[in-house]
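In what follows, every heavy atom counts, from backbone to side chain, and hydrogens, waters and symmetry copies are set aside. Small disclaimer: the values here were computed from a predicted structure and weren't measured. The first residue in the sequence is number 1, and the count goes up from there.
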Amino acid sequence: MRIRPARPGDAPALAALFAANRHDALTERQRAEQGFVQGSFDEAALRAMAGAGNLLVAEDAGRLAGLVSLAAPGDVPDPPPPVAALLAAQDRLRWEGRPLSDTRWLLYGPVVVGAAHRGKGVARGLYEAALGAAAPRAEVVVAFIERVNEASRKVHVDGFGMAVLGGYEVHGRAYDVVAAAARPSA
């Protein structure tokens, strides 16, 4: 498996991967078993994110296996409600005793792994690469996970050891904020 920065030309494959794993594209059973991603990242949005250097992709035997976004909070134009709520909660969320608002941080996620590549270390590879890519720009990476997305929580909190900083609700949906220290790649 190879992890690299996304290129604008990856956008069609990235959009297809994202669309196949959206909450609305999956059955309730699929969401429970594999988790889901939120938001509407179309080809144009993903092309722009790749061009801005905000996406990493995993390739396996030349095929796109997964993606992760890593962006500065100010780089999210017109943030969707869960991101806006996270930004609004920065003063009460604490990282190592300091308000998140006083910490250099990057927004981690969404993370998407293609169905054929699950269970092969792709998510961990993307996570480790994201921590390394974040290190020059931030102390910590921060994500939000909808509480009903137990599969994502299991991977990120139970599996990777991300710390839960707190939570919030948006339009009746509950989210946990999780974080991990950025660290240079080995």
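- Remark: L126 CG to S69 OG distance equals 11.5 Å, nearest 0.5 Å.
- Summarising the geometry of A135 relative to P184, their closest heavy-atom pair is CB-N, 3.6 Å, with the distance given to 0.1 Å.
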Problem - Verdict with supporting geometry, E96 and T103, side chain to side chain contact (heavy atoms under 4.5 Å, CB included) - result: CA-CA 9 Å; E96 297 184 345; T103 306; over 6 Å; no
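- Separating the CE atom in M162 from the CD1 atom in I145 is a distance of 7.0 Å, to the nearest 0.5 Å.
- A salt bridge (charged side-chain N to carboxylate O under 4.0 Å, His left out) check over residues 66-95, counting only residues at least two apart or in different chains, returns nothing.
- Between the side chain of E128 and the main chain of G125, no donor-acceptor pair closer than 3.5 Å is present.
- Sorted by first and then second residue, the salt bridge (charged side-chain N to carboxylate O under 4.0 Å, His left out) pairs involving residues 63-73 (not counting sequence neighbours) form an empty list.
- In terms of heavy atoms, A130 sits closest to V68 at CB-CG1, 4.4 Å.
- Applying the ring pair (Phe, Tyr, Trp, His ring centres under 6.0 Å) rule to F144 yields the partners Y175; only residues at least two apart in sequence or on another chain are considered.
- Between the CD1 atom of I3 and the CG atom of L67 there is a distance of 11.0 Å, given to the nearest 0.5 Å.
- In terms of heavy atoms, E150 sits closest to R147 at OE2-O, 3.5 Å.
- Looking at L46, V57, L64 one by one, the single match for side-chain contact (heavy atoms from CB on, under 4.5 Å) with L17 turns out to be L64.
- In this structure, E169 has no salt bridge (Lys or Arg N to Asp or Glu O under 4.0 Å) partners at least two apart in sequence or on a different chain.
- A donor-acceptor pair under 3.5 Å links the side-chain atoms of R118 to the main chain of V113, judged by distance alone.
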Output side-chain donor-acceptor pairs under 3.5 Å for residues 136-143, partner residues at least two apart or in another chain, one line each.
unit_1: E139; atom_1: OE1; unit_2: R98; atom_2: NH2; d: 2.6
unit_1: E139; atom_1: OE2; unit_2: R98; atom_2: NH2; d: 3.1
unit_1: E139; atom_1: OE2; unit_2: R104; atom_2: N; d: 3.3

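- Expressed to the nearest 0.5 Å, how far CG of L106 lies from CG of N54 amounts to 8.5 Å.
- Among all heavy-atom pairs drawn from A163 and W95, the shortest one is CB-CZ3, 4.5 Å.
- Note that CG of L165 and CG of L93 are 6.0 Å apart. Values are rounded to the nearest 0.5 Å.
- Nearest approach of E43 to P12, heavy atoms of both residues: OE2-CG, 3.5 Å.
- Screening residues 146-166 for ring pair (Phe, Tyr, Trp, His ring centres under 6.0 Å), with sequence neighbours left out, gives Y108-H156, Y127-F160, H156-F160.
- From L55, atom CG reaches atom CG of D10 across 9.0 Å, with rounding to the nearest 0.5 Å.
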